[in-house]
Every structure is written in structure tokens, then in C-alpha cells.
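Structure, as C-alpha cells:
Note that ligands are numbered from 1 as they come in the structure, with each ligand's atoms numbered from 1 the same way. Source: prediction; values computed, not measured.
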Amino acid sequence: MSIDISAYLPSDGQAAMRRAVTPIMATMQGSKILAIAAQVKTLQAQGREICNLTVGDFSPDQFRVPDALTEKIQQYVAEGQTNYPPADGVPELKSAISDLYRDKLGLDYGPEGVCVGSGARPPIYAAWRLFTKPGDRTVSFLPMWNVGYYAHFCETEHHFVPTSAENNFFPTVEQVEAQLHGTRLLCTNSPLNPTGTVIDRDVLVGIANAVVAENRKREAKGQPPVMWIYDQVYWLLTSQGSTHYNPVTLVPDCAPYVIHVDAISKWMAGTGLRVGWGVLPPYLQAKMKGFIGHVGAWAPRPEQMATAWLLREPGALDEYLDGLRTQINARLEKIYAAVLEMKAKGLPVDAIAPQGAIYLSLKVDLFDHGFSTNEEIRAWMLEEAGVAVVPFQAFDLPADSGWFRMSVGAVGLDELDGALDRLDAALRRRLG
Ligand SMILES: Cc1ncc(COP(=O)(O)O)c(C=O)c1O
């Protein structure tokens with residue numbers, strides 16, 4: 001016999017939850033992107049043909065993790081590599097990451113500057129917890145993925161600073177300088193989710209110099225520094241013709257303040273494997289390690305061992321990345337070319353040339369054609385063209401300016417042809 005738990009639970013679950021949890025947890029928001037993805041699934045279940053460009057993930061039908069990685073994970077499980085890993089990662093992986101950063105970014109942190117976690121999120125959240133307390137001033141630039149949730153958890157006084165399409169949705173140096181006073185944590189990401197753009201070299205140099213100058217002043221006054229999360233989870237998915245820059249390579253003086261965030265989630269198409277890391281000044285590493293250890297947010301040991309093996313296998317990573325980037329770029333370039341063609345024909349669309357990650361910024365300006373919000377345009381595109389995209393509002397940019405994220409991680413090249421034709425036809429119908 002088993003006890004039916006529901007007989008013992010409060011009848012109004014929502015009210016009981018609000019009494020039980022803290023106000024911060026009660027007001028925690030769910031992911032806006034996942035809500036749209038659920039809508040897409042419902043339409044697909046009804047038999048509608050939908051091109052799903054919403055999810056910042058890879059469909060294994062389209063993009064596979066390296067075969068050798070899969071084999072090695074299985075091998076390490078079979079060998080019994082199944083106990084707790086060290087809280088900051090197995091030594092093999094820490095040193096392989098340290099070599100990767102030395103060889104590809106020219107940064108020699110040593111293994112003592114690496115802290116592994118279960119994906120990029122734990123090092124991000126750890127950094128928020130390390131450097132902020134409730135009421136502290138924190139800053140990010142819009143649009144950007146998920147920062148608001150961390151600010152909410154940490155109860156900081158968060159400032160979202162909007163950027164513009166003219167600057168590829170990155171802040172200007174002046175915008176950053178204007179925000180630094182009193183700020184404890186600065187968050188930037190390049191290549192950028194949701195826009196698929198990369199930060200300009202001179203802008204990054206300017207920001208890095210501003211951070212150094214601000215911290216020199218603070219040091220003289222004995223004040224805590226402004227710390228900088230530099231999220232580069234897509235750096236190895238930078239498109240041909242674009243360059244990924246790193247603030248520490250460009251301005252080494254900012255090294256004491258920069259926390260790089262990285263993972264195999266995107267550049268090995270392994271979002272479900274949960275291997276990520278922070279690369280940070282060794283003087284802070286033990287604190288990140290302690291936090292990740294207490295939360296238990298370490299990466300699974302077999303995945304760590306297999307990642308270390310792959311990073312060390314001569315040529316294996318580059319060969320895999322060449323293939324992955326080719327597949328991603330083919331999709332992004334196809335959409336970009338089609339959007340430019342529509343624009344040339346007078347349809348009210350635009351896009352920014354893809355530079356990295358798995359995203360394209362699409363503009364659909366139907367504000368003179370019966371729509372007043374991005375959300376209305378999104379719903380219309382889904383309904384009329386079977387094209388599912390995410391408005392930049394899901395990345396906290398408040399303006400209804402017609403910008404959307406298209407993510408190609410879960411679509412096939414052939415599927416795109418139909419979707420782009422449907423979008424073209426729907427726009428024509430709308431314009432009459
Ligand atoms: C910019 C950025 N940083 C971090 C993450 C989180 O990565 P992970 O799945 O490894 O936690 C994502 C996921 O979409 C992302 O887009």
C-alpha cells in the first residue's frame with residue numbers, strides 16, 4: 001500500500017508555494033524562450049509544418065558531438081570513472097583547458113586558473129555569488145542571454161543598458177565608461193547570444209582599458225574592484241572572416257578582474273553533457289572551486305575525462321570544429337542571403353551578417369502594417385509562415401524594434417528553403 005500524497009497537500013498550491021519560498025524565489029521568472037518553444041511543440045503536434053528557429057540548442061539529428069567523445073565517455077564509464085571528481089575538475093581536463101587557452105588565445109593561466117563546472121552556468125552563477133551582495137550595482141548590455149535571472153537571485157541593483165543594431169548590439173566604450181562608477185560586476189558576451197555578432201577589437205580594448213583605469217582608482221582608495229564576466233561560450237564558433245577577441249590578450253592589465261566563461265556545450269554541440277569552466281585569476285580560483293563544490297555543480301567525471309582526451313588528441317578538435325562551423329555557417333548564410341534578397345525586393349526585412357555562434361539577427365518591420373509589438377509579429381510569423389523565432393525582448397531588450405533571434409541549431413538546410421519561401425509569401429500577403 002502506498003500513501004496518496006495529494007490528500008495531504010494544500011488545495012491552493014500556488015498560494016502555499018508563495019508562503020513557503022522566499023520572495024526572491026516566488027518572483028523568479030521562467031525562461032521566455034522555453035515558453036515559445038512549448039508553443040511550437042503544440043503546433044507541431046497538431047501537424048503544422050514549423051521551422052523551429054527558437055532553441056539555442058543543437059538537435060542531435062543535425063549536429064552530433066564528436067564520435068570519439070561519445071566512445072571515450074562510454075569507455076570511462078565502463079572503466080569505473082564514476083566517483084566524485086575533484087570540485088574544480090579532474091587534473092587532466094584542467095591542464096588540457098589551460099593548454100587550449102595558451103595555444104589558441106595566447107593566455108597562460110596554468111591549470112590553477114581553471115575551475116570546471118557542469119556547463120557554463122555554474123561558473124557564471126559562482127562569479128555572481130563571489131563578487132556581489134544584495135544592493136550592489138551590476139551592469140549588462142542588451143540584448144544578452146539570461147543575465148537578469150542571476151541579478152534577481154543575487155538581489156543586485158542591476159542596470160540593463162540597451163545597445164543598437166549600428167554597433168552590432170555591443171556597447172560603445174563611452175556607454176561602458178558611463179556605467180563603471182560604483183559597479184561591482186560587468187557582464188559581456190561575444191560571440192553574442194542572441195545576435196550572432198562579435199565584439200569589435202577597438203571597442204574591447206577601450207572597455208578593458210576603462211576597467212583597468214577604474215580599478216587603479218579604486219585600489220588607491222582601498223575599494224573593491226569592478227569584476228568582469230567575459231562569456232565566450234561560442235568563441236570557437238566564430239565565422240570565417242570574423243575574429244574572436246579576448247580582453248586579457250589585448251590588455252593584459254585587466255587579467256586580475258576578468259572571469260572567462262566557456263563550455264563544450266556549444267562548440268562540441270554537447271549541451272546535455274554538462275562540461276563547462278571558468279578561466280580566472282588563480283587568486284580567485286579556490287573560491288569558485290569552493291562554491292561549485294558546495295553546490296555540487298561539478299561536471300560528470302567520464303565527460304571530463306573524455307573532453308580532456310579529445311582536447312589532447314592532435315588535430316581532433318580542429319577537424320571537428322571545421323565540420324561543425326561549415327554546417328552552421330551554411331545555414332546562417334542561407335538565411336542571410338534569403339533575407340537580403342527579400343529586402344532587395346522591397347519587403348520590410350533586414351539582417352546582420354552572421355559572425356559567430358548559431359544565431360542570426362533578423363529584423364521584420366511590420367509596424368506600418370498593422371502590428372505594434374514584436375510579440376505580435378512573432379506570433380504572426382509562427383501562424384502565417386510556420387517560422388518560429390524569438391524576439392529580443394526574451395533577452396531583456398525592451399524596445400519593440402522588430403528584432404528577432406533565429407537559431408539554426410535544430411534545423412536542416414533543406415528545411416530552411418521551405419521556411420524562407422513561406423516567410424517571403426506571408427510578407428507579400430501582409431503587404432497586400
Ligand atoms: C551566452 C551563453 N552563455 C552561457 C550559456 C550556458 O551554457 P551551458 O549550457 O553550458 O550552461 C549559454 C546557453 O545558451 C549562452 O548562450
Side-chain angles (χ1 to χ4, degrees), residues 30-34 36-37 52-60 63 65 69 89 93 97 114-128 140-151 153 160 163 168-171 185-199 228-238 244 246 258-280 288 291-292 295-300 303-304 307 328 354-361 390 392 394-397 405-410:
S31 163
K32 295 180 193 118
I33 306 170
L34 294 183
I36 297 172
N52 190 355
L53 298 161
T54 63
V55 196
D57 195 359
F58 295 89
S59 159
F63 298 96
V65 302
L69 188 73
L93 181 57
I97 292 166
V114 177
C115 185
V116 176
S118 52
R121 284 168 176 86
I124 295 174
Y125 184 50
W128 275 83
S140 63
F141 302 90
L142 296 177
M144 187 176 158
W145 172 87
N146 268 17
V147 174
Y149 303 127
Y150 298 109
F153 285 154
F160 285 117
T163 63
N168 278 347
F169 290 106
F170 284 102
L185 185 62
L186 195 65
C187 307
T188 65
N189 161 225
S190 181
L192 181 60
N193 178 6
T195 62
T197 52
V198 298
I199 194 162
W228 183 2
I229 295 179
Y230 192 73
D231 181 336
Q232 51 180 14
V233 287
Y234 298 96
W235 68 291
L236 287 170
L237 298 183
T238 303
H244 171 76
N246 172 280
V258 174
I259 316 306
H260 302 91
V261 173
D262 200 355
I264 67 163
S265 303
K266 308 292 174 168
W267 46 263
M268 280 197 211
T271 49
L273 294 179
R274 309 314 301 153
V275 180
W277 53 87
V279 174
L280 68 170
M288 184 174 277
F291 183 81
I292 286 183
V295 178
W298 46 75
E303 276 86 334
Q304 290 195 46
T307 304
I328 293 169
Q355 300 177 323
I358 52 173
Y359 309 116
L360 185 92
S361 294
V390 181
F392 276 9
F395 307 93
D396 295 307
L397 191 74
R405 181 186 84 172
M406 293 178 122
S407 170
V408 297

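- Distances from atom 12 (C) of ligand 1 to the heavy atoms of Tyr125, Phe395, Trp145 put Trp145 nearest.
- Considering each of Cys187, Ser190, Ser265, the one bringing a non-hydrogen atom nearest atom 10 (O) of ligand 1 is Ser265.
- Closest non-hydrogen pair, Ala120 versus Val233, comes out as CB-CG1, 3.5 Å.
- Annotation: side chain of Thr188 is not in contact with side chain of Phe170 (no heavy-atom distance under 4.5 Å).
- At a 3.5 angstrom cut-off on N or O pairs, Ala263 does not count as close to ligand 1.
- Summarising the geometry of Met144 relative to Cys187, their closest heavy-atom pair is SD-O, 3.7 Å, with the distance given to 0.1 Å.
- With values rounded to the nearest 0.5 angstrom, Gln304 atom CD is found 9.5 Å from Ser118 atom OG.
- Here atom 2 (C) of ligand 1 lies nearest to Asp231 when heavy atoms of Val275, Ile229, Asp231, Asn193 are compared.
- Remark: Thr307 OG1 to Ile97 CD1 distance equals 8.0 Å, nearest 0.5 Å.
- From Phe58, atom CZ reaches atom OG of Ser407 across 7.5 Å, with rounding to the nearest 0.5 Å.
- Looking at ligand 1, you won't find any N or O of Ser118 less than 3.5 Å from one of its N or O atoms.
- For atom 8 (P) of ligand 1, the closest non-hydrogen atom of the protein is Arg121 NH1, 3.2 Å.
- Close N/O approach between Thr271 and ligand 1 is not found [any backbone or side-chain N/O within under 3.5 Å].
- Residue contacts with ligand 1 include Lys266, since one of its heavy atoms falls under 4.0 Å from the ligand.
- Looking at ligand 1, you won't find any N or O of Tyr359 less than 3.5 Å from one of its N or O atoms.
- Atoms CG and CD1, from Asn189 and Ile199 in turn, are 9.5 Å apart once rounded to the nearest 0.5 Å.
- Regarding atom 7 (O) of ligand 1, its nearest protein heavy-atom neighbour is Ala120 CB, 3.5 Å.
- Below 4.0 Å from some heavy atom of Asn189 lie the following atoms of ligand 1, by number and element: 1 (C).
- Nearest approach of Ser59 to Ala410, heavy atoms of both residues: CB-CA, 3.7 Å.
- With a heavy-atom cut-off of 4.0 Å, Met144 does not touch ligand 1 at all.
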